[in-house]
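I have placed the structure first, in the form of structure tokens, so that the comments after it can refer back to it.
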There are 2 protein chains.
Amino acid sequence: MSPKKPYNKLSKRQQAILQYVKQFIDKNGYPPTIREIGSQIGVASTSVVNYNLNKLVEAGYIERSDRVSRGIRLVADIPARKKSVKAAQQNVAIPYYGRIVAGEPIPVEAFDDPDKAIEVTPDMLGGIDPSEVFALEVQGNSMIDAMISDGDIVLLRRQETARNGDMVAVWLTTRGETTLKRFYLENGRVRLQPAHPTMEPIFVSPDECQIQGKIISIIRHLH
Amino acid sequence: MSPKKPYNKLSKRQQAILQYVKQFIDKNGYPPTIREIGSQIGVASTSVVNYNLNKLVEAGYIERSDRVSRGIRLVADIPARKKSVKAAQQNVAIPYYGRIVAGEPIPVEAFDDPDKAIEVTPDMLGGIDPSEVFALEVQGNSMIDAMISDGDIVLLRRQETARNGDMVAVWLTTRGETTLKRFYLENGRVRLQPAHPTMEPIFVSPDECQIQGKIISIIRHLH
DNA sequence: ATTATAAGCGAACAGTAGTTCGATTGTCAA
DNA sequence: TTGACAATCGAACTACTGTTCGCTTATAAT
């Protein structure tokens, strides 16, 4: 199950060297010496660094000037930083229903207040029709067991049924609260399974739980 | 006298040196030595070149690292990192560096492959310059108690320092791996604290860990 | 002319840096 | 086990490189 990543033929040490050289150049404006590289990656012998630098040359990642101090240059690009702004796609506006609070149902009727919408890229929805999607902000830590914490924004697809294993927002009619859980229908009853291994599931009958939607994405901002 | 003033109050010799240094770096990827400069501009004495280089430092054209071979950098080159372009409703493409796996460094490779980038709306970054941001996919559950789970996509801001408690991606130079942990600097050593109750913290010295960036956002897709 | 200051010169010095080489270790296939 | 080969290590060697210092030259104000 190797994901076959870049750096195919490079050893870990060679990757470390390449990483450090790039970082060093970016920071200092000139390449490091063999000994500077060695001390940083934890290799005492200059010959080992030299050996691996030559490997990097063979692999085409760098070039070296013989007998020249700091005679390393990156083949790809001298300034490592690239600009990352790129072509714009069409964003989609997702209705934002505000906060989901325990004890209150999610309003089902749509409202179209423009600033009550959040904008996402279509690929965030994984091909789902944007009109079926709405967003909630999680308030409180009542759903922390589903690895969803206070302030998280969840994108949900509107649906009233769910398949086993789906993460859904469920309105528990008898308890009078809404919760986010994994949904399992088994033996005529519903098991709402927290994502956290140490938490116990909740068992309810199908007629006392009303599915509001299925979670398709979670967005969290840290500061 | 002078038809124009290419560089404000620089002597002809200093201009020649500056010109040559720029040219040399552009050609070779690393700065010239004092003697290389001297031979090019026709000065035999290293001290003369050294003298004029210091003048260029005073004038603000270059920076030097003491006692470092080729320790010259052009001042204009360094601030290449700060670009602040605020695209209004445009999406930004964030370089996607793949998975963060124990034992494999974050590739520093260029990301020319279009699907090696993820697109987000600028407000996802909370006002942070998009060019400072990159994305990783988390592998493993070592951060499960920080509510970061396998498969999550984390957006990180490139920075080399961190405050205690920050969630950072750290490159462990001697181990040759990158890891996602909470950062604490205490008693002159660095504690990298996993947010998983059964996992022990990692202790390293500050010079063997390079902070890659700080987590600013987490995106999780459920399918 | 005198003086101060900037600029230049050449040589010597000490530490730095790339290279080389013999020896060792680890891996993998025969 | 054996052999081939890649990777590593430590040390020594030579050449390189920045720094320093005493001395000289040039310029301009006094």
Side-chain angles (χ1 to χ4, degrees), chain A residues 2 7-21 24-25 28-74, chain B residues 1-2 7-21 24-25 28-74 103-105 173-177 208:
Chain A
S2 167
Y7 287 98
N8 262 335
K9 304 192 263 281
L10 295 186
S11 71
K12 184 184 297 183
R13 182 161 283 179
Q14 282 151 21
Q15 297 174 32
I17 291 176
L18 184 57
Q19 164 94 4
Y20 177 63
V21 169
F24 189 100
I25 292 178
N28 297 298
Y30 48 85
T33 67
I34 285 182
R35 284 175 178 80
E36 283 168 344
I37 296 172
S39 78
Q40 182 64 26
I41 64 171
V43 173
S45 176
T46 57
S47 61
V48 173
V49 178
N50 186 56
Y51 173 85
N52 286 291
L53 282 177
N54 287 331
K55 288 295 176 185
L56 288 172
V57 172
E58 290 174 19
Y61 288 89
I62 62 174
E63 291 176 354
R64 300 185 71 190
S65 301
D66 278 5
R67 264 163 253 277
V68 167
S69 69
R70 305 176 190 274
I72 302 173
R73 68 187 149 270
L74 305 172
Chain B
M1 267 300 272
S2 50
Y7 308 111
N8 247 337
K9 28 188 190 260
L10 295 185
S11 73
K12 186 176 295 182
R13 181 162 286 181
Q14 282 152 18
Q15 295 174 32
I17 290 177
L18 185 57
Q19 172 86 13
Y20 177 63
V21 170
F24 190 99
I25 292 177
N28 298 298
Y30 49 84
T33 67
I34 287 182
R35 285 175 177 82
E36 283 168 346
I37 297 172
S39 79
Q40 179 64 21
I41 63 171
V43 174
S45 176
T46 59
S47 63
V48 174
V49 178
N50 187 54
Y51 173 86
N52 286 289
L53 281 177
N54 287 332
K55 287 296 176 187
L56 287 173
V57 172
E58 290 173 19
Y61 289 90
I62 62 174
E63 292 177 355
R64 299 186 72 190
S65 301
D66 276 6
R67 262 168 282 269
V68 166
S69 68
R70 308 178 187 273
I72 303 172
R73 64 184 153 271
L74 304 172
E104 289 183 16
T173 57
T174 55
R175 298 179 183 223
E177 61 183 49
E208 61 181 330

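Chain identifiers are assigned alphabetically (A, B, ...) following the order of the sequence lines, protein sequences preceding nucleic acid strands; residue numbering begins at 1 within each chain.
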Check: Looking at B/Arg70, does any N or O in its side chain come under 4.0 Å of the phosphate oxygens OP1/OP2 on D/dT17?
Finding: yes
Checklist line | Quiz item: B/Arg67 side-chain donor-acceptor pair to C/dG15 base, under 3.5 Å | finding: no
Next item on the list: Using a cut-off of strictly less than 4.0 Å, decide whether A/Asn54 has a side-chain nitrogen or oxygen near OP1 or OP2 of C/dT19.
Entry: no
Check: Do side-chain atoms of A/Arg70 reach the backbone of A/Pro31 as a donor and acceptor pair under 3.5 angstrom?
Finding: yes
Notebook entry, point to check: Within less than 4.0 Å of OP1 or OP2 of C/dT19, is there a side-chain N or O belonging to A/Arg64?
Noted result: yes
Check: Can you find an N or O donor on one side and an acceptor on the other, under 3.5 Å apart, linking the side chain of A/Thr46 with the base of C/dG18?
Finding: no
Next item on the list: Could you tell me whether the phosphate oxygens of C/dG8, OP1 or OP2, come under 4.0 Å of any side-chain nitrogen or oxygen in B/Asn50?
Entry: no
Note to self: Tell me whether the side-chain N/O atoms of A/Lys55 come closer than 4.0 Å to OP1 or OP2 in D/dA6.
What the structure shows: no
Checklist line | Gap between atoms CD1 and P, on B/Ile34 and D/dT17 respectively (whole Å) | finding: 10 Å
Check: Please give, in whole Å, the distance from D/dC16 C1' to B/Tyr30 OH?
Finding: 13 Å
Check: Can you check whether A/Asn28's main-chain N or O pairs, donor with acceptor, with B/Arg73's side chain at less than 3.5 Å?
Finding: yes
Notebook entry, point to check: Any N or O donor-acceptor pair linking the side chain of A/Thr33 to the base of C/dT16 at under 3.5 Å?
Noted result: no
Checklist line | Donor-acceptor side-chain pairing of A/Arg64 and A/Asn54 below 3.5 angstrom | finding: yes
Note to self: Without decimals, in angstroms, what is the distance between A/Ile37 CD1 and C/dT16 C1'?
What the structure shows: 15 Å
Next item on the list: Determine the contact category for A/Ser69: base if any of its heavy atoms lies under 4.0 Å from a base atom, sugar-phosphate if only primed atoms, P, OP1 or OP2 are that close, otherwise nothing.
Entry: sugar-phosphate
Margin query: Using OP1 and OP2 only, check whether a side-chain N or O of B/Tyr51 sits under 4.0 Å from C/dG8.
Written below: no
Checklist line | Separation of atom CG in B/Asn52 from atom P in C/dC9, rounded to whole Å | finding: 10 Å
Checklist line | Identified side-chain contact (heavy atoms from CB on, under 4.5 Å) partner of B/Ile72 from the options B/Ile17, B/Thr33, B/Val57, B/Ile37 | finding: B/Ile37
Checklist line | Between P of D/dG18 and CD of B/Glu63, the distance in whole Å | finding: 17 Å
Note to self: I need the CG-C1' distance between B/Asp66 and C/dT16, as an integer number of Å.
What the structure shows: 15 Å
Margin query: I want to confirm an ordering. Mapping B/Ser47 and A/Pro32 to their closest nucleotides on DNA chain C, which one lands closer to the 5' end?
Written below: B/Ser47
Next item on the list: Write down the distance between CD (A/Glu36) and P (C/dA17), rounded to a whole number of angstrom.
Entry: 6 Å
Checklist line | Heavy-atom closest contact (B/Phe24 atom, B/Pro32 atom, distance) | finding: CD2-N, 3.4 Å
Next item on the list: Could you check how far CZ of B/Arg35 sits from P of C/dA12, rounded to whole Å?
Entry: 13 Å
